[in-house]
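What follows is a short report on a single structure.
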Amino acid sequence: MGQLHVVFFPLMAPGHMIPTLDIAKLFATRGVKSTIITTPLNAHYFTKSVERTNQLGSQMGILTVDFPAAAAGLPEGCESLDQITSDDMIPNFSKATAMLQDPLERILDKVRPDCLVADMFFPWATEAAAKFGIPRLVFHGTSFFALCATENMRLYKPQREVSSNDETFIVPRLPHQIKLTKMQVPEYERSESETDFARIAVNMEESELLSYGAIVNSFYELEREYADYYRDVLKRRVWHIGPVSLCNREIEDKAQRGKEASIDKHESCLKWLGSKKPNSVIYICFGSLVKFDVSQLYEIAMGLESSGQQFIWVVMRGENENESEEWLPEGFEERMKDKGLIIRGWAPQVLILDHDAVGGFLTHCGWNSTLEGISAGVPMVTWPMFAEQFYNEKLVTEVLRIGVSIGALKWNFFTVSGVVMREQIGKAVRRVMVGEDAEEMRNRAQEFKEMAKKAVEEGGSHTNLNDLIHELSSYRV
């Protein structure tokens, strides 16, 4: 029979590659041969972790496919979503990923794995796997809650029943009463006519229904009602195997997730945190794709200063904007010398969140960040921008009740419009850091942290992953 061999193919974006790497490691540490497929310029994201995992006796590998950037109308060397600079480039990126089916099939033909775990954004992967008689599992990269909300929005279109952009509607038939406005849902869901993105969403839906099932980076105890709803009401085959970030136990593993940290090997950052009292610092980071304009960064700086709280703030800037620092209020860094630390570029997020000094997290509500915050037991200030982030915000603030909304009103992608003012920012930061509400949220967050740890060690996600591996092994017979 030989060793079970699973191939993993994530979308070329840090928020998809990082959890897929963790999932591949989880399979590998259970004796499965795990191979990650990516493009040449993204391979370096995986190499160190793969080498470390192999040194510990597991079997992991990386294979590359060329990314057809030029053929799809993208600049040469643009192989990851975080390199896109405007909304107009997104259809080209989507076109490039659709051209990866043939190269993927050539790899499947050559290595003949037992299973393909492919990103939700590759709907054609189900057909590719079927050609070789192997099961395809979909990796969604989001919460059960968001999956249920997205599906019910697609089925019932409640956003079409309201007469204005700011009138609220209820997302139908969910276990909780969740209200949104039209402006908080993706543009293609607002539109009456069919768009390219609406067609892609339908393809993804059909592809999942034809696939072997899905894996979700979450744990049952966190969103029990929605895991059940997805399985029992929406009739999906699904395995929850998260939080996958908890497979990184050593400092080196936590520090090496994603890109190289921009701060000198993360030491000075941890040293700075080490000088602070428990729960006294708020960590601010908006993921790998959000790039604010100067006026919004200025408001964040003023809001942080007015909050009176200590902070670590991660600022992602465009490639050519390193020289220009007009987003910083005059004398800000000098005034904040002992109170705040600004990291320009990539930060070792899991290491920071896990530190005792961190007592809050201002986040864009991407699912990786949200789940990393939950796993670290910190309450959150929620500032969603795009994708399913407005759903994740509702999960954090209304279902789990471990966060405070900053009051973001509009779904944006690369072109972030509408400035959230310093008063809103300062108020939300204080609410999550000090006072009775903060204490209650922190206590609840700590309970979820304990549940997350248990889920990956015994029962829950741990058992679910073992069951999935056992099922895939039986499938080969």
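Keep in mind that this is a model prediction, so the values were computed, not measured.
Looking at Glu151 and Arg236, a side-chain N of the basic residue comes within less than 4.0 Å of a carboxylate O on the acidic one, giving a salt bridge. Taking the charged nitrogens against the carboxylate oxygens, Arg112 and Asp109 do have a contact shorter than 4.0 Å, which makes a salt bridge.
In this structure, the ring of Trp411 has its center no less than 6.0 angstrom from the ring center of Phe390. A ring-centre distance under 6.0 Å is not found for Phe145 and Tyr391. For His176 and Tyr226, the ring centers are positioned less than 6.0 Å apart. Proximity of the aromatic rings of Trp383 and Phe292 is defined here by a centroid distance below 6.0 angstrom, and this criterion is met. Ring to ring, Phe8 and Phe27 are close: their centroids are under 6.0 angstrom apart. Within the 6.0 Å centre-distance limit, the rings of Phe67 and Phe93 are counted as a close aromatic pair.
Contact check for Met380 versus Val404: no side-chain heavy atoms found under the 4.5 Å cut-off. Residues Val396 and Cys365 fail the side-chain proximity criterion, which asks for heavy atoms closer than 4.5 Å. You'll find the side chain of Lys33 stays beyond 4.5 Å of the side chain of Val111, heavy atoms only. Residues Thr168 and Leu180 have side chains not in contact (no heavy-atom distance under 4.5 Å, counting atoms from C-beta outward). Inter-residue side-chain proximity for Phe219 and Pro243 is flagged as met; some heavy-atom pair is nearer than 4.5 Å. When side chains are defined from C-beta on, Asp114 does not count as touching Tyr475, because their heavy atoms never get closer than 4.5 Å. The shortest distance between side-chain heavy atoms of His5 and Thr35 falls below 4.5 Å. Contact check for Asn466 versus Arg30: side-chain heavy atoms found under the 4.5 Å cut-off.
With hydrogens and angles left out, the side-chain atoms of Glu105 and Gln101 include a donor and acceptor closer than 3.5 Å. No donor-acceptor contact under 3.5 angstrom links the side chains of Glu167 and Thr181, judged on distance only. At a cut-off of 3.5 Å, with distance as the only test, a side-chain donor of Asn392 or Glu388 sits close to an acceptor on the other residue. Glu208 and His140 are linked by a side-chain donor-acceptor pair at a separation below 3.5 angstrom, with hydrogens and angles left out of the test. In this structure, a donor-acceptor pair under 3.5 Å is present between the side chains of Ser207 and Thr126. In this model, a donor atom of one side chain and an acceptor atom of the other lie less than 3.5 Å apart for Asp228 and Tyr220.
The backbone N or O of Ile374 lies less than 3.5 Å from no partner atom in the side chain of Lys449, so there is not a single donor-acceptor pair.
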Run Val171 and Tyr156 through side-chain contact (heavy atoms from CB on, under 4.5 Å) and show every step you take.
CA-CA 9 Å; Val171 183; Tyr156 306 112; over 6 Å; no

May I have the step-by-step check of salt bridge (Lys or Arg N to Asp or Glu O under 4.0 Å) for Glu471 and Arg237, ending in yes or no?
CA-CA 12 Å; Glu471 199 169 310; Arg237 276 168 65 77; 2.7 Å; yes

